[in-house]
Amino acid sequence: MKAQQDQLVIYNTLKGEKEPFVPIVAGRVGMYVCGPTLYSEPHMGNMRTFINFDLIYRYLLHLGFSVKYVRNITDAGHITNSAGQEVDSIGAAAKAEQLQSLEIVYKYAVKFQELQRIYNLLPPSIEPTATQHIQEQIEIIEQIIANGYAYEVNGSVYFDTRRYMQDFNYGILSGRKVDELENETRTLNAQDEKRFFADFALWKKANPDDMQIWRSPWGNGNPGWHIECTAMSTKYLGKQFDIHGGGMDLKFPHHEDEIAQSCGSFGCNPARYWMHANMLNVNGQKMSKSFGNYFLPKQILDGSTGLFDKSYSANVVRFFMMQAHYRSNLDFTQDALNAAEKGLSKLTDAIATLERIQPAAQSSFDVNMLVQSFYKAMNDDFNAPILVANLFEATRLINLVNDGKEHISSPDLALLKEKMTVFAYDVLGLQKEAAGSESRLAPVMELVLDLRGQARTNKDWTTSDQIRDGLAKAGIVVKDGKDGTTWS
RNA sequence: GGUCUCAUGGCCGAGCGGUUAGGCACCGGUCUGCAAAACCGUCUACAGCAGUUCGAAUCUGCUUGAGACCUCCA
């Protein structure tokens, strides 16, 4: 695995190009990913980012890295945006639902946990919450003030972007130039407390109707909306760690400001590799709450999205997502989901077929090369679509072996079996379909199919077809294969 | 308006200068009492116009179209 570790290449948003992945400490990876704000149930687009970073986490683990994966939960409303508007999303949800802020957070945290289970996400090493780290946030703000990169005005603290730009590059991640930003935003902040339009809040003085308020050296208030990630990543991963991830829409200003906060307090960029997952699209447009074109992960499961005429399992949705690269847009369409559903079953069938294959003295194809292609794909910036294509190449060969047209040796068979299983289930995070889940139905079906088998032996096609049609009406499909009859 | 990204066959989606991506659909075949399923095989591309190059989907320029960010956002 060490050799494979050395081959890993990651696209670093900070550099705008792929580069070899060299962890700060050999064999260890510290990874921080921005998690959800729990003022509502995460929608499918939110889930795509978490599924993609789950894939990355899983592959790093498979390569043998010891990974500390921190993904935060935002349970404090982000009080202001840079236009100075009040946007405490959690507080707003709390008022709308007539609950306390933490009730809202807990309510949706439970749902998020459930979704992670259903979509087969590995739990992160730590899931810290913002409200449990107010003190750490305050301490970092104090440090930034002490370093001269922030100032207090009337109970609020702002990051001093102009002062910061004298020593550091603001815009290093997003490529934004402050003077380009200015023309647009200046007017919005005319009567702001800020010294400069690009300054952002680290701490915001409390409003009378705020639902959550904390004490601070500057009076009662709320933390700004970037500081929590700086506080928590620093606490659990150190001032500098390996990978910082999140959705592409967080690149600016959230991640840019995290960098500014880290540089402003500790003098260094918090992460060496910045990774950004792309958005999920519906009809070519980003799925988003504000566009109203979003739907919930469980609506796909029960078929109530209104967009598709049937439901899909979490497994199919996950496989569908694995067929696009994490840095690409992905369009959520019914045809694409249907294709994923069929493809997935073809793939899992082939893995099951491996169990029945009889080895030959020699292999008629290069199994080792095939397995290497799995690693090659994933080592190239986690290129899951290529991996999937290679798994389908293996699928084709497995079926040919099963038909006696290709051969595989015993050691090669063992290798292929292991790697197919590992890559499909451990790395891609697909789930083995629970066979025979309807335990009470199984013996009944056995009996029914047995009777139908007898009818077929007697060439009593009327009875045989009657049974088949009757079962079809009950939603059970009978398949007459070469090796007997199966149903599903 | 500013910054940036992308335009691939019926659909989804890889590709980063020379090789079949892959899946689904279609079509042909194998199997089958029939059907379905399964398996095998095959076809359809690179938005447009110029340029660089022995060679371009892949590099450059322009045109057209779409999207993201600049407000909360995964």
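Computed over heavy atoms, backbone and side chain alike; hydrogens, waters and symmetry mates excluded. Letters A, B, ... are given to chains in the order of the sequence lines, protein chains preceding strands, and every chain is numbered from 1.
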Query raised in the report: Would you say the base of B:C40 and the side-chain of A:Lys405 have a donor-acceptor pair closer than 3.5 Å?
Result: no
Query - Base of B:C4 paired with side chain of A:Arg176 (donor-acceptor, under 3.5 Å) - result: no
Without decimals, in angstroms, what is the distance between [X] [atom1] and [N] [atom2]?
{"X": "A:Gln285", "N": "B:A7", "atom1": "CD", "atom2": "C1'", "answer": "17 Å"}
{"X": "A:Lys251", "N": "B:A68", "atom1": "NZ", "atom2": "P", "answer": "14 Å"}
{"X": "A:Phe320", "N": "B:C11", "atom1": "CZ", "atom2": "P", "answer": "15 Å"}
{"X": "A:His276", "N": "B:G67", "atom1": "NE2", "atom2": "C1'", "answer": "18 Å"}
{"X": "A:Asn278", "N": "B:C12", "atom1": "CG", "atom2": "P", "answer": "16 Å"}
{"X": "A:Asn383", "N": "B:G13", "atom1": "CG", "atom2": "P", "answer": "14 Å"}

Query raised in the report: Taking the same atom, C1', in B:A21 and in B:C16, what whole-Å distance lies between them?
Result: 14 Å
**Report entry** Distance between P atoms of B:C43 and B:G22 (Å, rounded)
**Finding:** 11 Å
Within the structure shown, what part of the strands sits under 4.0 Å from [X] by heavy-atom distance: base, sugar-phosphate, or nothing?
{"X": "A:Ala277", "value": "nothing"}
{"X": "A:Lys346", "value": "sugar-phosphate"}
{"X": "A:Phe291", "value": "sugar-phosphate"}
{"X": "A:Leu330", "value": "sugar-phosphate"}
{"X": "A:Leu400", "value": "sugar-phosphate"}
{"X": "A:Asn390", "value": "nothing"}
{"X": "A:Met47", "value": "nothing"}
{"X": "A:Gly246", "value": "sugar-phosphate"}

Side chain of [X] only, heavy atoms from C-beta on: which candidate in [options] is closest?
{"X": "A:Lys286", "options": "B:C40, B:A14, B:A74", "result": "B:A74"}
{"X": "A:Lys479", "options": "B:A68, B:A37, B:A21", "result": "B:A37"}
{"X": "A:Phe252", "options": "B:A74, B:C69, B:G13", "result": "B:C69"}
{"X": "A:Pro385", "options": "B:A14, B:C39, B:A74", "result": "B:A14"}
{"X": "A:His325", "options": "B:C40, B:C12, B:A14", "result": "B:A14"}

Query raised in the report: Does the side chain of A:Glu256 pick up a donor-acceptor pair with the side chain of A:Ser174 at under 3.5 Å?
Result: yes
OP1 or OP2 of [N] versus the side-chain N and O atoms of [X]: is any pair under 4.0 Å?
{"X": "A:Asn402", "N": "B:A38", "result": "no"}
{"X": "A:Asn399", "N": "B:C40", "result": "yes"}
{"X": "A:Ser328", "N": "B:G13", "result": "no"}

**Report entry** A:Thr395 and A:Lys346: CA distance, side-chain angles, deciding distance, side chain to side chain donor-acceptor pair (under 3.5 Å) verdict
**Finding:** CA-CA 8 Å; A:Thr395 295; A:Lys346 184 175 179 171; over 6 Å; no
Residue-level proximity of [range] to RNA chain B when a heavy atom falls under 4.0 Å:
{"range": "residues 11-19 of chain A", "result": "none"}
{"range": "residues 335-343 of chain A", "result": "A:Asp335, A:Ala336, A:Ala339, A:Lys342, A:Gly343"}
{"range": "residues 109-123 of chain A", "result": "none"}

Within the sub-3.5 Å range, which N or O atoms of nucleotides 32-34 of chain B have a protein N or O partner, and how far apart are they?
residue : atom : partner  : partner atom : Å
B:G33   : O6   : A:Ser464 : OG           : 3.0
B:G33   : N1   : A:Asp465 : OD1          : 3.0
B:G33   : N2   : A:Asp465 : OD2          : 2.9
B:C34   : O2   : A:Arg468 : NH2          : 3.0
B:C34   : N3   : A:Arg468 : NH1          : 2.9
B:C34   : N3   : A:Arg468 : NH2          : 3.4
B:C34   : N4   : A:Arg468 : NH1          : 3.4
B:C34   : N4   : A:Asp480 : OD2          : 3.3

Query raised in the report: Are A:Lys107 and A:Glu41 within salt-bridge range, i.e. N to O under 4.0 Å?
Result: no
Query - Sidechain N-carboxylate O distance under 4.0 Å for A:Glu341, A:Lys310 - result: yes
Query raised in the report: Which salt bridge (charged side-chain N to carboxylate O under 4.0 Å, His left out) pairs, counting each pair once, include a residue from residues 364-374 of chain A, with sequence neighbours left out?
Result: none
Query raised in the report: Below 6.0 angstrom between ring centroids: does that apply to A:Tyr273 and A:His244?
Result: no
Requested in this report: Go through RNA chain B and write down every stem, that is, every run of at least three consecutive Watson-Crick or G-U wobble pairs with distances under 3.5 Å, as range with range.
Outcome: B:1-7 with B:64-70, B:10-12 with B:22-24, B:27-30 with B:38-41, B:47-51 with B:59-63
Report task. Kindly check if the number of other-residue, nucleotide or ligand heavy atoms within 6.0 Å of CD (A:Gln454) is above 12? Result -> yes
Query raised in the report: More than 12 foreign heavy atoms under 6.0 Å from OH of A:Tyr294: is that the case here?
Result: no
